[in-house]
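In what follows, a structure is listed as structure tokens, so that the remarks can point back to it.
Order of appearance sets the numbers: ligands from 1, and atoms from 1 within every ligand.
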Amino acid sequence: MLKVILKKGKEVSLLRKHPWVFSGAIGSTEGVLSDGCTVQVYSHQQKLLGSGHFQNSSIAVRLLTFDNTNINQEFWNQRIQDAYEFRLRCGLAENGETNCYRLVFGESDGLPGLIMDFYNGTIVFQAHSIGMHLNRNAILEALIKTFGNRLKAVYDKSKESLPGNYADSIKNSFLMGDGNEDRVTEHGNRFYVNWTSGQKSGFFLDQRENRKLLTSYVKGKKVLNAFCYTGGFSVYAGNAGAELIHSVDSSAKAMELTEKNISLNGISGHEGFCADVFDFLKSRSLDYDVVILDPPAFAKHRDAKHKAVIGYKNLNALALKKMKRGSILFTFSCTQVVDRQLFINTISSAAIEAGREVRVLHYLHQPCDHPVNLMHPESEYLKGLVLYVVK
Ligand code: SAH
């Protein structure tokens, strides 16, 4: 068995069930460790702490178990079945109104390094660790066991999520079945999802509940959806009776997808703009009742945190300056490095800079198929505020 033995005292976070071992915590190793191999992790006092996937990187081991369970087919079957049953328990799996959801959210499902999204029978598999990618066939077998003939295809889209050299040696490809696109429904709203050409796994499933909340504020109203991607918020607004919807994204492909989804739902009163949101906000009067700002992660790493904060502050100040009295702002951050309190403080600074008085109507979050593992606070990333512009 391959072993990693920690330095003295470095077992503490693992005893609290945080599933990462950083490279600096390793005292010694036994056997020849290669990227993606399964190792047992021991404390300095030779106590077994668990097993996980090794990788030559700053996160050196991602723990799959905190005991002596073997990582075999039975292990994969059980974890995938558990993930499915959890979504069933949350009312997402086998739901007539919603047939797309995140099936596995990494560390929060006891499967660090693995993301899998379910789109009406097609699963998009994204390995964020080499160990997960090397185990893709065992994971596929587990998926077949859990879903049986409800599983149409499994698409491995790990090329973008794995590190350099390894990624160069692989291709995105179907592990089972085929088909690039399908139609899905989310709370009864219809969308095309293309997992082979789309961003991430093809759709931003994490905004499902926040899109639903939007519907209670838009009937007969004018809505601006900035950073719209495939038009998630726009379609919900249209189906909920918004009078006018403007969608903006700098990607021409995203605007094409938005238009396609708007037609799929037979929505009128929509106009799309392929533009930079900052330019759009600067150049127009913001005569909207509801504005949505859902920008991309302004920072992916801790060292870009300051830049991200400035980005959120400028963006929100720009919108708040021009929004009318009595209008509502849905504003988000999907950057894990900017935590909830920092995001709130940043939006507060934006309101001060804009000279506006605002009230918080809702604090928003990621949905239950992206649960936060309290032992792994890094799994919390999506934050949002719904603000009422008083004056
Ligand atoms: N709200 C979307 C997800 C947004 S993802 C949903 O519910 O599905 C972020 C989007 O911002 C991407 O589509 C990206 O193309 C777009 N984007 C990034 N920078 C931009 C900019 N400066 N101006 C306009 N769009 C931008």
Any donor-acceptor pair under 3.5 Å linking the side-chain atoms of Asp156 with those of Ser158?
yes
Nearest heavy atom to atom 18 (C) of ligand 1, choosing from Pro295, Gly311, Gly232, Pro296, belongs to Pro296
Between Glu181 and Lys260, is there a side-chain N and carboxylate O pair less than 4.0 Å apart?
yes
Heavy-atom gap Val248 to ligand 1 smaller than 4.0 Å:
no
Taking heavy atoms and a distance under 4.0 Å, where does Cys228 meet ligand 1: side chain, backbone, both or neither?
backbone
Contact check, Ala275 vs ligand 1, heavy-atom distance below 4.0 Å:
yes
Quick check: Gln207 and ligand 1, any N/O pair under 3.5 Å apart?
no
Say whether Gln199, considering both its backbone and side-chain N or O atoms, lies within less than 3.5 Å of an N or O atom on ligand 1.
yes
Taking distance alone, with N or O pairs closer than 3.5 Å, would you say Thr230 contacts ligand 1?
no
Does the pair Asp109/Arg79 count as a salt bridge with the N-to-O cut at 4.0 Å?
no
Could you work out, for atom 26 (C) of ligand 1, the closest of Ser250, Cys334, Ala254 by heavy-atom distance?
Ser250
Output yes when Arg87 and Glu94 qualify as a salt bridge under the 4.0 Å nitrogen-oxygen rule, no when they do not.
no
Decide whether Asn261 and Thr258 meet the rule of one side-chain donor and one side-chain acceptor closer than 3.5 Å.
no
Can you tell me if Thr215 uses its side chain to pair, donor with acceptor, with the backbone of Arg211 under 3.5 Å?
no
